[in-house]
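Positions are given from 1 along the sequence. Predicted, not measured: the structure shown is a model, and the values here were computed from it.
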Amino acid sequence: MNNRISSRVSKIKPSATMSLNAKTKMLLKSGKNIINMSVGEPDLEPPLAASFSGIKAIVNGQTGYTPAAGIQELRESISDYLWDQNKVRFHPNQIVTSAGGKQPLYNVFQVICDYGDEVILPSPFWVSYPEQISLAGAKPIIVRCNSTANFKLSHKQLIESITEKTKAVIINSPNNPTGSVYTESELLEIGNILKNHPNIFIISDEIYDKFVYEGKHVSISSLFPELLDRIIITNGFSKVFAMTGWRLGYIVAPLDVAEALTSFQSHATGSPSTISQYAGISALKNFNESTVQEFKEKRDLLVNGLNKIPGINCIKPDGGFYIFPDVSSYFGARFENKIISDVSTFSNLLLDNQLISVVSGDAFGEPTNIRLNFTLSKDIILEAIKRINNFTSQLQIVSKV
């Protein structure tokens, strides 16, 4: 039989976050008073200087194709930004700009992975990692990190996961969905292990780098100059600079990998939007530091409110803009004529009955939790806590599933 859809694409799952956000927006359009805590989008405007630079690029006719890796000025600005952030100097030729935050990771897996390779993926993980790894012909080796370790990969777990097929390890800090942040000592442990495995890449996804509330963001690149020939950093403008629709991200890689990434991208999408690139130059110089304190206050408001609800166990995240509470104590409970058998049922009932949109943790590899975005107004956060409490107070525990 001649299948119309390739087997590799047939096996992938749609993005749970994007699908749920689409459903939520349909409900909003129909007039429902939905509180949307599902999407990874800050409730901010891009830096005004970035918007003006985008407009200026249009007015000045800077709208044509650029080199596949992006304009030199932007790559130089990213190099300066990373020096300011991490005190590591990368040559602009090591930087490849891409269309959003997803494409950098997709490109990396396509470029470094062959069929049969393994990529160590700590869980909970961002929903697209395993699908992108699989699309590259590699195998995600999912390592479940529990809440007692603040959902972070231990050196023991890393050692036990490495095989002769391991091609890369993913470190996402601050993490989506948990908000966990790897400390300098934890990254030193990981790096010291990988120093003994010269064929393994370290993929450091740092897209939430500015949003750290306890301690500070540390890039593994700043700790191991001897590993820079194997460290690949992915980042973007969507989260920190609230430029979600501008579709602008970037990869920092060893020169040979960066050249391969540029070649691959030249045949896939080409460069990101020219207008967005000029806007990105200004964005890098105009981050609003007060946002960090504002998000910290919203995090504390939501975490403290949810932890007062019997049955919810919520760890306070050190970074990012999500919380990831455990709701498994409600499994087996009855709501009206329905039994909550799993986290997906819990999430759907919460949406249907209290009009709160959250993401089920099973999409992130953790079937006991839900993910909530806290970049909403404080009034909306308080209303969300009230609605969740209204929902859970109606549940009747009848059995454990």
**Message:** If we count only N and O atoms by modelled type, under 3.5 Å, do the side chains of Lys210 and Gln85 hold a donor and an acceptor together?
**Reply:** yes
**Prompt:** Is the shortest distance from a Lys or Arg side-chain nitrogen in Asp43 or Lys298 to a carboxylate oxygen in the other one below 4.0 Å?
**Reply:** yes
**Request:** Return yes when atom NZ of Lys195 has more than 12 non-hydrogen atoms of other residues, nucleotides or ligands closer than 6.0 Å, and no otherwise.
**Result:** yes
**Message:** Assess, by modelled atom type and distance only, whether the side chains of Asn389 and Lys386 contain a donor and an acceptor separated by less than 3.5 Å.
**Reply:** no
**Prompt:** Can you name the nearest heavy-atom pair linking Cys314 to Ile323, along with the distance?
**Reply:** SG-CD1, 3.7 Å
**Asked** Mind checking whether Tyr250 and Phe237 have parallel, tilted or perpendicular rings, split at 30° and 60°?
**Response** perpendicular
**Request:** Just say parallel, tilted or perpendicular for the rings of Phe374 and Phe321, cut-offs at 30° and 60°.
**Result:** perpendicular
**Asked** Does Tyr322 have Arg371 sitting over its ring (NZ/CZ under 6.0 Å from centre, angle to axis within 45°)?
**Response** yes
**Prompt:** Short question: side chain of Asn172, backbone of Pro174 - any donor-acceptor pair under 3.5 Å?
**Reply:** yes
**Prompt:** Passes salt bridge (Lys or Arg N to Asp or Glu O under 4.0 Å), Lys316 versus Glu214? Steps please.
**Reply:** CA-CA 10 Å; Lys316 183 179 290 187; Glu214 266 70 48; over 6 Å; no
**Request:** Evaluate salt bridge (Lys or Arg N to Asp or Glu O under 4.0 Å) for Arg89 paired with Asp80, printing each intermediate quantity in order.
**Result:** CA-CA 8 Å; Arg89 175 61 71 181; Asp80 291 341; 2.9 Å; yes
**Request:** Say whether Thr183 and Glu186, considering side chains only, have a donor N or O and an acceptor N or O under 3.5 Å apart.
**Result:** yes
**Prompt:** Once the angle between the rings of Tyr106 and Phe264 is folded into 0 to 90°, is it parallel (under 30°), tilted (30 to 60°) or perpendicular (over 60°)?
**Reply:** tilted
**Complete:** Closest heavy-atom pair, Val359 versus Ser38, reported as atoms and distance to 0.1 Å, is CG2-O, 3.3 Å
**Request:** Over all heavy atoms of both residues, which pair between Glu76 and Pro92 is shortest? Give the atoms and the distance, please.
**Result:** CG-CG, 3.7 Å
**Prompt:** Just by distance, do the side chain of Thr66 and the backbone of Thr274 share a donor-acceptor pair under 3.5 Å?
**Reply:** no
**Asked** Does any N or O in the side chain of Ser173 come within less than 3.5 Å of the main-chain N or O of Asn175, such that one atom is a donor and the other an acceptor?
**Response** no
